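Source: prediction; values computed, not measured.
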Amino acid sequence: MGKDPGKRGRALGNDRAEKMNGARMAPEMPADHHGFIPSSAEDVLRHRVKAELRKRMRGLRKALPASACARRSESIVERLVGLEVVARARTIALFWPIEERHEVDLRPLDAILRARGTHVAYPLLDPVAGAMDFRFVKDIASMQLHTFGHREPASHDIKAVPGQIDVIVVPALAVDPRGQRIGYGAGHYDRALALHAPWSTGVAVAFDFQLIADTPQTDGDVAVTWVVTDARTLKCVT
C-alpha cells in the first residue's frame with residue numbers, strides 16, 4: 001500500500017520543528033570565547049588551578065629550612081636595594097613576614113631604607129571591614145603583634161592616601177613574568193594596588209622556585225611592574 005502523503009508531510013514538519021527548537025535551545029558562544037569550554041566554566045577552572053598552585057607553593061615554601069629562607073631573603077633584599085625604583089623612592093610600603101609560613105623577610109631592608117631617609121609604611125588590616133590600608137611607621141618597635149605572627153602598625157599611625165607611596169612591595173605565593181601573582185586569596189593587595197595606581201610601582205618578591213611560567217588570571221587581579229627573587233630581577237611584560 002502507498003504511504004499517506006498527509007502523514008508524511010506531518011512527519012517532515014515535526015522533524016523541522018524539533019531541529020528549530022534544538023537550534024533555539026543551543027547556548028550561544030560568548031564573543032570573547034577562545035575554546036570549547038564556556039567562559040563561566042573557564043573561570044571556575046582558573047580558580048581551581050589557582051587554589052591548587054596556592055596549596056602547592058605553601059607546601060614547598062613551608063618545607064624550605066629556615067636557614068635557607070634567611071639566605072634567600074638576604075639575596076632578595078640585596079636586589080631590592082639595587083633596584084632603581086626602590087633607590088629613588090621617597091616612600092615605600094613593606095610587609096612584616098609571617099615567619100611560621102616562611103615568607104620573605106624584608107626586615108633588614110627597613111633599616112637600610114630609613115638610613116636613606118625613606119619613609120616606610122606597613123599594611124594594616126581591618127578585620128571587621130576586611131579592608132587593608134598602609135600606615136607610615138616611625139618606629140618598628142611600636143608595631144603590634146598580630147595573631148598570625150606578623151606585626152602591624154597601630155591604628156593611630158598615619159594612613160597613606162593614594163599618591164603618597166612610591167613603591168609597594170608585595171608578597172606572593174607564585175608569580176609569573178607578566179607580574180600576575182597568586183597570594184593567599186583574599187585579594188587585599190590587588191585592591192590596594194588598584195587604589196594606589198598609577199602613582200605606586202608594585203614589586204612582587206618571592207623565592208625563585210615560586211616564579212612560574214604562567215598564573216591563571218581572574219577578575220580583580222592586578223599585575224605588578226617588577227618581580228624580584230633571590231636569583232633574578234624581572235621587569236614585567238604584559
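Under the 4.5 Å side-chain heavy-atom criterion for grouping Ile, Leu, Val, Met, Phe, Trp and Tyr, V81 is connected to V85 within one hydrophobic cluster. Residues L193 and V161 are members of separate hydrophobic clusters, defined by side-chain heavy-atom contacts under 4.5 angstrom among Ile, Leu, Val, Met, Phe, Trp and Tyr. Residues F95 and I112 are members of one and the same hydrophobic cluster, defined by side-chain heavy-atom contacts under 4.5 angstrom among Ile, Leu, Val, Met, Phe, Trp and Tyr.
Summarising the geometry of M143 relative to V137, their closest heavy-atom pair is CG-CG1, 3.8 Å, with the distance given to 0.1 Å. In terms of heavy atoms, A194 sits closest to V222 at CB-CG2, 4.0 Å. When all heavy atoms of D105 and P97 are compared, the closest pair comes out as OD1-CG, 3.6 Å. In terms of heavy atoms, P177 sits closest to A213 at CD-O, 3.7 Å. The minimum heavy-atom distance between A174 and I212, with the atom names listed, is CB-CD1, 4.1 Å. Pairing each heavy atom of T229 with each of I76, the nearest pair is C-CG1, 3.5 Å.
By the 4.0 Å N-to-carboxylate-O rule, E99 lies close enough to R107 to be salt-bridged with it. The pair D214-R178 meets the salt-bridge criterion, with a side-chain N (NZ, NE, NH1 or NH2) lying under 4.0 Å from an Asp/Glu carboxylate O.
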message: Between D166 and T91, does the side chain to side chain contact (heavy atoms under 4.5 Å, CB included) criterion hold? Intermediate values first, please.
response: CA-CA 5 Å; D166 297 323; T91 53; 3.5 Å; yes
- request: Show your reasoning for whether side chain to side chain contact (heavy atoms under 4.5 Å, CB included) applies to H156 and R135.
  value: CA-CA 9 Å; H156 58 74; R135 305 294 177 103; over 6 Å; no
query: Passes side chain to side chain contact (heavy atoms under 4.5 Å, CB included), I140 versus R151? Steps please.
result: CA-CA 9 Å; I140 59 173; R151 292 187 177 274; over 6 Å; no
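Side-chain contact between W96 and E103 is absent, with no heavy atoms from C-beta onward closer than 4.5 Å. At a threshold of 4.5 Å between non-hydrogen side-chain atoms, the residues Q210 and V175 do not count as touching. With a 4.5 Å cut-off on side-chain heavy atoms, Q164 and W199 do not count as touching. At a threshold of 4.5 Å between non-hydrogen side-chain atoms, the residues D110 and R114 count as touching. Within the 4.5 Å cutoff, the side chain of L94 has heavy atoms near those of the Y122 side chain. V224 has its side chain out of reach of V203: every pair of non-hydrogen atoms, C-beta onward, lies at least 4.5 Å apart.
Atom CZ of R48 has 12 or fewer neighbouring heavy atoms from other residues, nucleotides or ligands inside a 6.0 Å radius. Within 6.0 Å of CD1 in I158 there are 12 or fewer heavy atoms belonging to other residues, nucleotides or ligands. Other residues, nucleotides and ligands contribute at most 12 non-hydrogen atoms within 6.0 Å of the NE2 atom of H119.
The aromatic rings of H196 and F134 stand perpendicular to each other, their planes meeting at an angle above 60°, with 30° marking the opposite boundary.
We find the NZ-CE distance between K55 and M57 to be 14.5 Å, quoted to the nearest 0.5 Å. The CD1 atom of I182 sits 5.5 Å away from the OG1 atom of T215 when rounded to the nearest 0.5 Å. The NZ atom of K159 sits 4.5 Å away from the CG atom of D133 when rounded to the nearest 0.5 Å. From C69, atom SG reaches atom CZ of R101 across 14.0 Å, with rounding to the nearest 0.5 Å. Annotation: the span from I165 atom CD1 to S200 atom OG amounts to 5.5 Å, rounded to 0.5 Å. Distance check, rounded to the nearest 0.5 Å: CZ of F207 to CG of L173 gives 11.0 Å.
Residue pairs meeting the salt bridge (Lys or Arg N to Asp or Glu O under 4.0 Å) criterion with at least one partner in residues 217-233, sequence neighbours excluded, are K50-D221, R72-D230, D208-R232.
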